[in-house]
*Asks:* 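My structure is below; once you've seen it, I'll send some questions.
All ligand and atom numbering here is 1-based and tracks the order in the structure. Small disclaimer: the values here were computed from a predicted structure and weren't measured.
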Amino acid sequence: MITLTGKSVFGGIAIGPLVFYKRNEITIKRNRIEDTEQEIRRFTDARDQAVSQLKALYEKALEDVGESNAMIFEIHQMMLEDLDYQESVVNIITTQGVNAEYAIGTTADNFAAMFAAMDDAYMQGRAADVKDVSERLLQILSDNGGEGMKLVEPAIIAADDLVPSETVQLDKDNVLSFITMFGSANSHTAILARTMNIPAVIGLGEALKPEYDGRLAVVDGLEGVVYIDPDDATLAKMRSKQAEELAKKALLEELKGKENVTKSGQKIHIYANIGNLGDVGSVLKNDAGGIGLFRSEFLYLESETFPTEEQQFSVYKTVAENMAGKRVIIRTLDIGADKQVGYFGLAQEENPALGYRAIRICLKQPEIFKTQLRALYRASAYGQIAIMFPMIISVEEVRRIKDIVREVKEELREEGFAFREDLELGIMIETPAAVMVSRDLAKEVDFFSVGTNDLTQYTLAIDRQNQKLDDFYDAHHPAVLGMIRMAAESAHAEGKWIGICGELAADLSLTEVFLDMKIDELSVAPSMVLPLRKKVRESL
Ligand code: PEP
Ligand code: MG
């Protein structure tokens, strides 16, 4: 048995034969051409054929994976119809007297290098797309048709990496899983795999060898592990894990699309918590009504240096688009305490949990805060983004935040960026101070979200990181529940809504208590959405 470890892009277990993706590799030759007019016609005919293929692919993707994922094929069409691209191909044919294939290959290389050199992460990503469309033209010119590989039986698809058109053209019913040597978790292929609900593992490296083609394999998308020629014990273990997954899926099917409503008709929103783009697939798969907490600090934790406005914009925009109009609450960075990032250069502190963290860093270093706010507001044009601020203790802080928000909006307006004016602004209630002044805070914001992890830590004076104190860490302590009730009363008295996004939201023994408090929203790990929906529907 061979065990390979990579990065999980989407969970689930797949068992089946491994098939290496076969491309019709094309070697581009440079041929001298006499009749350049005829060569230009070969190019334009291939382009027209590629455009109609892309139109058909768009329609297929629209049905299979939704509009935001299908968009990539519209972008590909636009690239082919781009005048600069066409002029470059035609110029190379005429000035050098060469074949269309060579002119396309050279144009693709030049354009890809140009995109790759740009500062903007989104534009850098277009380098792969320009190569993808050019490859399509070359396949058409070589009479391979550009239609991709055909699968005759269900299989695990292995590849160095897959471009979006290759992924979508595969017969979905026969694809058990995707595994790749390279590729990023944010690539279109990864997003498509998530949306198609197919287990996927990327970044297996050179250890994934073409000689494994045809061998039996198991993909554990939950752990990011692939077994080739699994032994009997592994196979049995994976089969039972697969059965568990199927049982969960059955629960999903039963509850999918159903309302979160109690027997007496009380409704509550159930949203999901995420740490990065990679989690959005399971939010959708588990039918959450929105994202109640996007811990944006993970963007900073996963980066070697401050993520740029463009990098952040691209992530927030993709999440908003994937959620297709459902509410996406993004919390501004909550760095400090247990989440340390070297490049912030934060000094050692006696009491980091009570130290320089979260909104305190943002208010002291507004340049970091503004970069994030600009990215968030710009992304707001692509979906229903709401912003919330962590670790609030006073009305004064909220007013300072709102001043900075006003400045950011003014700047974006002057620079001509589109954004939503009416974006909801909320705060986390995770300090006893915030609870005590919650009535005044509620006047300033659109919503509250209770961070019970920190609220418990600060209310009970118990370090949430210290395992030795686990016996004392009583999240059901009447003081904690009393705090949540008080915050809920304050919010409602001012006509605002309140959610809970700390771990307590998923505690099914408290669901009825929260319903009694008239909590409007509970945000939990994606895998808890359906068990919580079940609990709500069984409550009186
Ligand atoms: C909380 O404190 O409950 C919370 C949701 O935030 P975090 O766990 O990220 O501190
Ligand atoms: Mg917290």
*Asks:* Answer yes or no for Arg126 and Phe115: cation-pi contact, defined as NZ/CZ to six-membered ring centre under 6.0 Å and angle to ring axis within 45°.
*Replies:* no

*Asks:* For ligand 1, does Gln457 get within less than 4.0 Å through its side chain, its backbone, both, or neither, judged by non-hydrogen atoms?
*Replies:* neither

*Asks:* Determine the sole option in Glu521, Arg533, Gln266 for which the side chain to side chain donor-acceptor pair (under 3.5 Å) test with Asn260 is passed.
*Replies:* Arg533

*Asks:* May I ask you to identify, for Leu455, whether its side chain, its backbone, both or neither come under 4.0 Å of ligand 1 on a heavy-atom basis?
*Replies:* neither

*Asks:* What about Glu430: any of its N or O atoms under 3.5 Å from an N or O on ligand 1?
*Replies:* yes

*Asks:* Backbone, side chain, both or neither: what part of Glu503 comes under 4.0 angstrom of ligand 1, heavy atoms only?
*Replies:* neither

*Asks:* Angle at the Mg ion (ligand 2): provide the value between OE1 of Glu430 and OD2 of Asp454, rounding to 10 degrees.
*Replies:* 100°

*Asks:* Asp454 to ligand 1: N or O pair under 3.5 Å?
*Replies:* yes

*Asks:* State whether the number of non-hydrogen atoms from other residues, nucleotides or ligands found under 6.0 Å of His269 atom NE2 is greater than 12.
*Replies:* no

*Asks:* Would you say Lys534 has more than 12 foreign heavy atoms packed within less than 6.0 Å of its NZ?
*Replies:* no

*Asks:* Would Ile359 and Ile393 count as a side-chain contact (heavy atoms from CB on, under 4.5 Å) here? Give the steps.
*Replies:* CA-CA 10 Å; Ile359 201 67; Ile393 58 169; over 6 Å; no

*Asks:* How does Arg464 reach ligand 1, by side chain, by backbone, by both or by neither, if only non-hydrogen atoms under 4.0 Å count?
*Replies:* side chain

